[in-house]
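Input: a single structure, listed below in structure tokens.
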Amino acid sequence: MFMHVWTLPWISILLLPIVSSQTPQLTPLPFVLPLALRSPYLHAWTRKPNVSFSWPMFWNHDNLGWEGMIRIDDHAYQWLGVSGTLPDVANITNTQITPTRTIFTYIAGPAQLTATFLSPIERSDPVKQSIPFSYISLDVNFTDGLQHRVQVYMDISGEWVTPSRSDIITWSTSTVGTSSSSFHQIQRNAPQALVEAGDRAEDTTAVIGAKSGPSVSVVVGEAGSSRRAFSTSGVASGIPSTPPAKMGNPWPVFTVVQDLGNISATTSPVVFAIGVYRNPSILVTSTTSTGKTQSQNRAPLFAASLSSISDVVDTFLADFPNAKSRADDVDSIILNAAGNISEPYKDLVSLAARQTMASTDLTIANGTDGRWNMSDIKMFMKDVGVSGRVNPVEKIYASFPFFLFINSTYAGQLLSPLLELQDSSSNDQAFAARDLGQNYPQASGTIMKHEQQVEHTSSMLIMAYAHAKISGDGTLISRHYSLLRKWAEYLIDSTMSPPDSSTVDGATYANSTNLVIKGIIALKAMSEISNAVSLADDANRYFQFSSAFMTQWSALTQTSSSDSHLPLSLGGGSPSSWSQMYNLYADKLLNTSLIDEKIFQNQAQFYQSELSRKSGGLSLDSTNVVASVAWSFFTAATISDSTIRNNLISSVHDQFFKKRANDTQPFPVNYNTDGSNAQGAGNASPAVGAIFAPLALSLSPAQSITIPPPTPPQATSEKPHSVAGPIAGGVLGGLVLLLLVTLGVFYLRRRRNQTKFPRVEAFTAESGIDSYQDLTHNSWDSASHLHMAPREEISRPFGGSGKTGQVLGPNRPPATNVVPTSISIPTVGSSIEPPSTALSGISGFSRNAGTGSRSSRSQLSATELRGLRSEVKNLRQVMQQLQVDRPDRIQIPPTYAI
Ligand SMILES: *[C@@H]1O[C@H](CO)[C@@H](O)[C@H](O)[C@H]1NC(C)=O
Ligand SMILES: *[C@@H]1O[C@H](CO)[C@@H](O)[C@H](O)[C@H]1NC(C)=O
Ligand SMILES: *[C@@H]1O[C@H](CO)[C@@H](O)[C@H](O)[C@H]1NC(C)=O
Ligand SMILES: *[C@@H]1O[C@H](CO)[C@@H](O)[C@H](O)[C@H]1NC(C)=O
Ligand SMILES: *[C@@H]1O[C@H](CO)[C@@H](O)[C@H](O)[C@H]1NC(C)=O
Ligand SMILES: *[C@@H]1O[C@H](CO)[C@@H](O)[C@H](O)[C@H]1NC(C)=O
Ligand SMILES: *[C@@H]1O[C@H](CO)[C@@H](O)[C@H](O)[C@H]1NC(C)=O
Ligand SMILES: *[C@@H]1O[C@H](CO)[C@@H](O)[C@H](O)[C@H]1NC(C)=O
Ligand SMILES: *[C@@H]1O[C@H](CO)[C@@H](O)[C@H](O)[C@H]1NC(C)=O
């Protein structure tokens, strides 16, 4: 199963040392290898082992006491960790990495030993995914074919719960009989809940164990004496330690010994489990519309079915054979897909997968009824390697291709906490937040001001649409539609001239070509979102803006040198300046088709010339030497020429599998092309999930996006989204009246116009993407006849957008404006407006109707016709919502065939 992981030429090399144990085979490998990576707090790595070992380490380089030995006949060999007491180490003959496993093969005297460190990535079982445990399994056989007495040993120290030697730890050991597994659980003596110390969660309980059996023993003892005892006698009976005790010096270690008896080979693997248990996982604070702060402890998802640590350990260990076969499937799905690209690419996806997954916690909470709310599964990501930020938008954006590829449901579960926090009337920020808080594991819910406004706002729209498109699940885009719309309005104001210092890669120049295009793609994504929820006017509006902006962007990128590549910033800077145009990736992922294939080709040619000019990889832009693994893969995915794409991929592979083969950083996301280490390299960052960018392009989108029916508001829950409350009451009568007036006006106009204008196919809420695209096609044709406003006019801020903060109905906003007939349309409320202005589109309709030229007039009216229809439809929806909320107060008007 594992042999296909490495390149074919390597396999032949790798097989040699099995015959000749004298020369340990060191294959090209990254400097630091993942061992057990399942959560932000189960993140154990080892420096590349050669003939001897160093201690495994947490991602931040803190040592993790973790020792592995095997005793064959009367002789002990070390296969993991460092032991001063042992004369012999097992010689590594082969090392392999797959997306879920790191596998070492050793020669230990007469034995061939294989140690497999399995960190499952569960694609289809979120409960199993939520268990932050890893397996270590050993297979042993003998080159002499004879029987040998075999015992195996593993221990961990208190370093798994705290980095500080002076901390007091406590523990307990569950022995044979109390459960189907034997294990130690270790924690700090006085842990503070939901607080980190030295990147560790203080409330961590570390677990090490194995399935119970007569051959399994678990004892706690001082490190040196326990290890010596095993090496001399095969049992871990060192100087006992009793809790509570200092974590270090003397060092209590938690040992598990399995005695395999006299064997010539293991018939099934010898399995150990190691993990960190925490409950709750995270504290989430949010602010209600009334300004009240509410906090929610969220449990790990498994807690809904496994109520104690011993249930978790038992279940996890019993599941090993199935977990292994699921891991085989995940590995082969990923590696088969990656194999279509290149062999170096397989190495990189293998390194990136569990690193990305392990930055997350999958959680659940109780509903208002006090029972687990199984429909409220949320995923939280820690900005591992850089900060303690919770759900950092730029990392989620970078890693999104991984989550889409593994299971787009996870992608949605990562987005929903960000959307929920911001979809509250207390959020008066017009642009998207950059995270959910500064200190994992607490999502403080503070919406911080920041400068990367276009960046994060665009990311959110792009991800919301990508999730809906790939998963077919329209729940998030419909539930948070008005929030997404508010953000789109912000982009209309800001995209074309974002301020400097406004990108996540630290660009210090304004009007980044790469950033501006992201905002434009995001607007097109919003058009598709509107389309998916059947809001034709909005769809058209965002379509028009994205098209108009696209025209401007294209004009502004036509500099003297731009026949070869795009400039660094729009309309300024040195003509030879350039940047990796990694944001063009979204256009491919979403199929928004804004970018001309010629642009992709020119860029690819340019990247190729840069790659052949320098040997250190492709930096982010012409102003610095920093290269990003993440954005290099977004860029690679935009290159259709597979030779150039693979050259870019190989340039990254060369760095981490060859040039930096002696570095001691867990796979960082940034590096310098001049060979130095990047500042804030982002060691072990989830952003490397971006390596899946080319694979995410091969995902088939869902057939259609399913919009769930609106859920009736719960009596007890807050109604921050409800459109009904603010409008209900005295306003009702006015609305009904306006509806009737609207219908009347519309009907008259329609009769008057019918003979004059070509009939446009009725747009119904049910009509799908195809019919909508026909419509937009028509209207864009018409718009192209119109005067395109000059840039100043376009970028003029629209009054009040997003400022008022009132949020609209759960699925449908109230009446929207008519589609823009020219780009300089004056205003769009993302707020609930009083009925008179909510219908301002209709008066705008009349005004605009008089201004068109003769040739555009007929087209305009067709547009207006749709606008009016949609107006009526929206009004009807408002009424429906009102009825849901106030069934006693209002009757839904009948459907009018229009
Ligand atoms: C191999 O191990 C030795 C001894 O621990 C160490 O000094 C050396 O740096 C290691 N080499 C590599 C390439 O890791
Ligand atoms: C490891 O290899 C060295 C020589 O490279 C040899 O001396 C030693 O005995 C080997 N150890 C084991 C456990 O086979
Ligand atoms: C011994 O185990 C290794 C893997 O650890 C395997 O490749 C080899 O085929 C096994 N040999 C025998 C004789 O089973
Ligand atoms: C993705 O996750 C969902 C929800 O857990 C599950 O129903 C579905 O089967 C998963 N898809 C795959 C391909 O495993
Ligand atoms: C293993 O075999 C040896 C002789 O080779 C014998 O002395 C010993 O008792 C056996 N141990 C077990 C556990 O069977
Ligand atoms: C790999 O490519 C082959 C043809 O080149 C194709 O049939 C197959 O579906 C691809 N596999 C994946 C996982 O993309
Ligand atoms: C949630 O509800 C379950 C029962 O459904 C209960 O066991 C658990 O303690 C509750 N958790 C919290 C945090 O209230
Ligand atoms: C960025 O673009 C805006 C709008 O075109 C312009 O006003 C501004 O001067 C530009 N900034 C720089 C630094 O070129
Ligand atoms: C890494 O270290 C080994 C052992 O010290 C050395 O032989 C090798 O040349 C080094 N590789 C690089 C790329 O520096």
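Whatever order the structure lists ligands and atoms in, that order sets their numbers, starting from 1.
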Here the gap from Phe403 atom CZ to His467 atom NE2, rounded to the nearest 0.5 Å, amounts to 12.5 Å
To the nearest 0.5 Å, what is the distance between CG (Asp587) and CD1 (Ile595)? 4.5 Å
Please enumerate all residues that pass salt bridge (charged side-chain N to carboxylate O under 4.0 Å, His left out) together with Arg326, with sequence neighbours excluded. Glu122, Asp319
Which of the atoms of ligand 8 are close to Ser497, meaning less than 4.0 Å from one of its heavy atoms? 2 (O), 3 (C), 4 (C)
Any N/O of Arg149 closer than 3.5 Å to an N/O of ligand 5? no
So the side-chain hydrogen bond (donor to acceptor under 3.5 Å, both in side chains) pairs with at least one residue in residues 353-362 (sequence neighbours excluded) are Thr102-Arg354, Asp361-Tyr440
Assess whether side-chain contact (heavy atoms from CB on, under 4.5 Å) is satisfied between Phe402 and Leu695, documenting all intermediate values. CA-CA 8 Å; Phe402 167 82; Leu695 297 187; over 6 Å; no
Below 4.0 angstrom, N of the basic side chain to O of the carboxylate: do Arg298 and Asp376 qualify? yes
Partners passing ring pair (Phe, Tyr, Trp, His ring centres under 6.0 Å) against Tyr135 (at least two apart in sequence or in another chain): Phe316, Phe320
Tabulating one pair per line, provide the atom names and distances (0.1 Å) for every N/O atom of ligand 4 that is less than 3.5 Å from a protein N/O atom.
{"residue": "ligand 4", "atom": "2 (O)", "partner": "Asn407", "partner atom": "OD1", "Å": "3.4"}
{"residue": "ligand 4", "atom": "2 (O)", "partner": "Asn407", "partner atom": "ND2", "Å": "2.3"}
{"residue": "ligand 4", "atom": "11 (N)", "partner": "Asn407", "partner atom": "ND2", "Å": "3.0"}

